[in-house]
Amino acid sequence: MTTTATIIEAFGIKKIYKRGAERVAAIDGLSLKLKEGEFLSIIGPSGSGKTTLLNILGCLDNPTSGKLVVGGITVHDNGRGLSESQLTRIRRQLFGYIFQNFYLIPTLTVLENVLVPFTFFKKRGAEKDVMAILKNLGLDKRAGHLPRELSGGEMQRVAIARALVNHPSVLLADEPTGNLDSERSREIGQVLRQLNEKEGLTIVLVTHNPELALSARRIMTLKDGKIVEEQVQPKL
Amino acid sequence: MKNRQRLSLFQIAWKNLARKKTRSFLTVVGIALATWVLISLFGFNSGYKNSLDRDIDNLGFQMLVVAKGCPYEAATLMLKGGTGLKYMNEDVVKLITREPEVDSVTPMLMQVVFDPNKGQSGGLTAFLGIDPATFPRLKPGLSFKQGSWFTNPEAREVVMGYEAAELEQREVGDVYLIPEKEVELKVVGILNRSGTQDDGTIFLPLQTLQKIFGQEGQLTSVGIKVNKETNLPLFEEKMFKLPDVQVVSLTQVKTTIMTLVSTARILVLSIALIAILISIMGVINTVLMSVMERQKEIGILKAMGALASDVFKLVWLETSLLCLLGGMVGAGLAVLTSRLTEYLIRQLLPFSPSGGLISIDARLILISITAVVLLGLLSGIYPAFRAARMRPLEAIRSEEE
């Protein structure tokens, strides 16, 4: 029997925001484990803390309390966390991010946008796969185009390619289909599922879209910063 | 399509600047104008001084004795000839020659007449009476294009400077008529171009000029060449004791003229400094605006693994590129417009030497561009720091707030 390593562990994490005199818990004592190769969807109503949780898990934000271990490194432990540059080093090694607004650099071509992460950090051998990644995502013929010449679905696929070039251990996707029509959303869902199933990429997906959420095997529902439901779909 | 697998920080910075072309262009223009003024100013500073030095060296003597009068006029007379002429008796030559420090002297008489045929509405023509025995020895640099010096000290002959001959369309053997005096002279020599006031001068034997103008025994100036070991300030003091004359030394001439132009220089320098300050503010504004507009993008770069130092370098590189471009365009402008600038400066200055007034060399260009880039780097610190210290999540969320 093979055991799968845990890549992210959260123990009783809280994220408290101050709204005037009021203290609002966006995440309220949440614990979870994410194993390598898992595909987790986080769903829930607006304000339930989905994006906050994703940002904490992806080391973009610090929890107010609790413990977070990422890739075996304790990133945060009860109010004490790593410095910004240490977090950046963890982010560049472990994570790839995609967002609702694709945030492509408008003056760079598709290929150049995908190559941007290499300007700052390059995993050994990663550059060999850039064209293969573009091909897998159906972008090889669009490599020389500027973002304004692409459709929304293509732009999001470019953002996915950019997130993948450095071979991240975990892909974090925050409402990746929020700006796309249903057909393009299905397309992105398919891409994510393939990345998980064929390449074993660990994915955490935050979405409002129930159809997209079903791309994942594990689905977690959040409400008021707490996990209220969790289900695992049987393997197809 | 060429499969290029590298994207340098430089390429990202360059394409970022290309995003807002008009804004980047205007910032570059601002820097270019400041650089242009800066290079032209420093080019003028060294060019003017070099030309003045060359004019003074070409005089062939270190001191000029003139009749008592305005020192500025004396300085101008020494270098360019003047109109408010004052005379002294030629006996002064004997007094000067007696001094042991004197190597040689050359007496001169300048006369100016109005020539109605000169230019479109007439103009002044200056004649310099010189001693054929001493003047050529003191001016070994003068060479002839045609002919030679006068045949005797009382000959009715003229030697024309290069430009004077060109203007009058004269050649050796031609007849030259002095306006107002109706005296015919023969052109016996035409000088090669010397780049000094001699080019525009018409030389006559001293005695001939004195007779024609009825100024027998009178001089307007005496050039003095002293022995090499002479203490110039002490000798100057000695000369000051001579009656009714004043001494203009090279040092004095330089000081007097440089004082005259220094006021203009300070004014232009102040304008250049203000222009540079304004363009620096422009650079800060441009880069800061660009940083604020790209907060989300900077957040994404950080999320993708860019360290604070990477972001700092990127913004700093953008600033440097703007300044480098502005500096290079400004330097090009300064070189291309140097003749026009020189023409304008000549109209403004009380005295300008005959050579080039603006000297722009590679060293000046390099120093100026380096200075502009360094100033740009200084002005880029704040925007770069602002960008570098942004936290990724706050930056990504920034525009949504």
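Proteins come first, then strands; the chains are lettered A, B, ... in the order of their sequence lines, and each starts at number 1.
Pairs of residues two or more places apart, or lying in two chains, that qualify as salt bridge (charged side-chain N to carboxylate O under 4.0 Å, His left out) and include a residue from residues 59-72 of chain A are A/K15-A/D61.
Contacts of A/E187 classified as side chain to side chain donor-acceptor pair (under 3.5 Å), with partners at least two apart in sequence or in another chain: A/R157, A/R184.
Only the side chain of A/F99 has a heavy atom closer than 4.5 Å to any heavy atom of chain B. In this structure, the portions of B/L9 lying under 4.5 Å from any heavy atom of chain A include both its backbone and its side chain. Within the 4.5 angstrom heavy-atom criterion, no atom of A/D174 approaches chain B.
Taking a 6.0 Å sphere around OH of A/Y17, one finds it holds more than 12 heavy atoms contributed by other residues, nucleotides or ligands. Within a 6.0 Å sphere centred on CG of A/D224, heavy atoms belonging to other residues, nucleotides or ligands number 12 at most.
The structure places CZ of B/R19 at 6.0 Å from CD1 of A/I105, a figure rounded to the nearest 0.5 Å.
Counting heavy atoms from C-beta outward, B/Q11 and A/T119 have side chains that stay 4.5 Å or more apart.
Of the listed residues B/N16, B/I12, B/I300, B/L314, the one with more heavy-atom pairs under 4.5 angstrom with chain A than any other is B/I300.
Residues of residues 377-393 of chain B having a heavy atom under 4.5 Å from any heavy atom of chain A, listed by number: B/R391, B/P392, B/L393. Residues of residues 302-311 of chain B placed with any heavy atom under 4.5 Å of a heavy atom in chain A are listed by number as B/K302, B/A303, B/M304, B/G305, B/A306, B/L307, B/D310.
Only one option out of A/L111, A/L108, A/T109, A/V114 pairs with B/L7 in a side chain to side chain contact (heavy atoms under 4.5 Å, CB included); it is A/L108.
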